[in-house]
Amino acid sequence: MHLVQEGDPRAFELLYDRHGGPAFSLAYRMVGNRVTAEDVSQEAFLSIWRSRARYQADRGSVRTWVLGIVHHRAIDALRRNLVHEKRRSSAEGIEERFEAKETTPGEAARREEARSVRTALEDLPDEQTRVIELAYFGGFSHSQIADMLEMPIGTVKGRMRLGLDKLRRTLAGVAA
Amino acid sequence: MSVERHHVQEENVGAYLLSALTEIEQRTFEQHLDDCPVCQDEVDRLRPAVHALPRSVDPVDPPARLKTSLMAAVKAGATEAAGEASRHGMARRVRERIAGLNDALMGMRPGVAWVAASIVLLTGVLAGATGLYAISGGGTDDAPPQVEAVSAKVDKTRVPNASGSLVVPADARNGAVMRVHGLPTLENDSVYQVWLERRGEVISQSTFTVGEDGEGAAAVTDSLESADAVMITRERAPEAKAPTEDSIVRVAL
C-alpha cells in the first residue's frame, strides 16, 4: 500500500488484482447487472487512486477501505436511478448470473466465507435481515424502507441497530 | 450536548453505519459523533458487523476489460503527474508518455488503445506547451494526480441499454475520453459522433462505432475548460457539421 500511496501504477495494479474481484462482486450484488457494476467499480478504483494518500492503516484494512468506497459509489448509482430498470428485471427473476468459477483455493475460501456470513445474516429475525439488506445492498434510506415496509421510521432504525448488534455477536462467536 | 439530543442521535447509529441516513441527517450525526464518546463507542462496536456484510456476497469475476481500461486511465494520469514534477524534463516526459503508452496498449482492444493513445499524445503536446510557459514551481508536486470518471445521463427511450462515463485526466485542458456500453450497432453509413458544448456552441470532437458487444470509446480532443457538456448523437458518416438530433448520451460538466 505504501507504493500505491507513492503513486506507483504497478502497485495499484496489484491492489486491483487483490481486491478487484470482491469489489466487483459487491457492486454486482448491489446494482444487479454487470455493465453498471463495471462502471461503479471503475469509478471506485479511480477514486481510490485519486484519494490513496488518505488511506490510514490504523483505521482498517485495505479491503475494508476499498469495499467502503465501492459501496458508496454503488449507492450513488442506485440513487441516481441508473439501475432501476435493471433492478426491476432482477426482481422478476431474470438477473444475470456470472458467478466466479470455483477453480482456486482462494475462490473456494471466499465462497465458504460468504456462506458463513450469509448464514449469520439469515439467522437474524426476518425483519432485521430485511432492513439491513434493503439499506446496505439496496441503497435505500431509512425513510424509503419505512414506506416500503409500512412501518414507523423509528422501528426501522431500531431494527437496523438490533440486527447489527446481533450479527456482530454471532460473527464474533464464529470467529472465536 | 443535551441528553435529549443524544437520545435522538443515538437512534441513528445503525442507519448511519448502513448509509441509510439522508445527507443532512448524516452531517448532523457526524457533528454529534465528534462530541459524543457514547455514540463513538457504539459506532466502533457495531462497525465490524457492517464490514462483514460485503463478505456475504458470492464472488463474481470482473470482466478483463475493466482492469485494462482502469490501468490505461491510471497510467495516463500517473505519467502526466510525473511530467508535471519537473518543468525542465520535457524530453524525459515524452519518453515516459511513450513508455506509458506502450504499456497501456498491451493487450487492449484496438478502439480502447486508440483512445488511450489519444489521451497520452494529447497530454504530451499540451504539457509540452505548458512547460514552455511555466513560471512557477519546478520541484516535486506531492498532490495526487487526478483522473476522474463522470457518469453520463442516457436517453433510455432511444438507447435503453446504454450507459457511459467521461474519463477526465488531471488537466481538463487535455481533453477526455468518453466510454460507452450497451449502444446498438449502426448501419454502415452511420456513426456515433461526440460533441463538446461550450457557451452555446457545439463543437465536433470525434466519431466512433461499436461492435456487437455495444462498447465503444472516443476522444474529446478540445479542452474541457468552460465546457458545459460532452454528448453523443447518431450521425451520417463520415461526420456531421452540427448535431442532427438531440443527444442520446450526455455528460453535464
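Just so it is clear: chains get the letters A, B, ... in the order the sequence lines come, proteins before strands, and each one is counted from 1.
Contact annotation for A:I145: neither backbone nor side-chain heavy atoms come within less than 4.5 Å of a heavy atom of chain B. With a threshold of 4.5 angstrom between heavy atoms, A:I75 approaches chain B through side-chain atoms but not through N, CA, C or O. For B:E23, no part lies under 4.5 angstrom from a heavy atom of chain A.
The pair B:D58-A:R29 does not meet the salt-bridge criterion, since no charged nitrogen lies less than 4.0 angstrom from a carboxylate oxygen.
Put simply, the side chain of B:L53 reaches to within 4.5 Å of the side chain of A:L121, judged on heavy atoms. Proximity of B:P59 to A:F24: side-chain heavy atoms (C-beta onward) are nowhere separated by under 4.5 Å. Taking 4.5 Å as the limit, some side-chain heavy atom of A:F137 sits within range of a side-chain heavy atom of B:V57. Side-chain contact between A:E38 and B:P62 is absent, with no heavy atoms from C-beta onward closer than 4.5 Å. B:V60 is listed as a side-chain neighbour of A:R34, based on a closest heavy-atom distance under 4.5 Å. Put simply, the side chain of B:V50 does not reach to within 4.5 Å of the side chain of A:I132, judged on heavy atoms.
Nearest heavy atom pair, residue A:L167 against residue B:A49, reads CD2-O, 3.8 Å. When every heavy atom of A:R79 is checked against every heavy atom of B:S19, the shortest pair comes out as NH2-O, 3.0 Å. Of all heavy-atom pairs between B:V74 and A:L46, the closest is CG2-CD2, 4.2 Å. Considering every non-hydrogen atom in both B:A15 and A:K157, the closest pair reads CB-CG, 4.4 Å. Closest approach of A:Y136 to B:P54, counting heavy atoms only: OH-CD, 3.3 Å.
The residue among B:A52, B:S56, B:P48 with the most heavy atom pairs within less than 4.5 Å of chain A is B:S56. Looking only at heavy-atom pairs under 4.5 Å with chain B, the residue among A:A27, A:G158, A:S25, A:S61 that has the most is A:S25.
Sequence neighbours left out, the pairs with a member in residues 40-52 of chain B that pass side chain to side chain donor-acceptor pair (under 3.5 Å) are A:R161-B:E42, A:D165-B:R45, B:E42-B:R45.
For B:D155, the salt bridge (charged side-chain N to carboxylate O under 4.0 Å, His left out) test picks out B:R158, with sequence neighbours left out.
A donor atom on one side chain and an acceptor atom on the other are not found under 3.5 Å apart for A:E43 and B:S165.
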Can you list, pair by pair, the side-chain donor-acceptor contacts under 3.5 Å of residues 175-185 of chain B, counting residues two or more places apart and other chains?
{"residue": "B:R179", "atom": "NH1", "partner": "A:Q42", "partner atom": "OE1", "Å": "3.0"}
{"residue": "B:R179", "atom": "NH2", "partner": "B:H181", "partner atom": "NE2", "Å": "3.3"}
{"residue": "B:H181", "atom": "NE2", "partner": "A:D39", "partner atom": "OD1", "Å": "2.9"}

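Scanning residues 11-23 of chain A against chain B with a 4.5 Å heavy-atom cutoff picks out A:F12, A:E13, A:Y16, A:D17, A:G20, A:G21, ordered by number.
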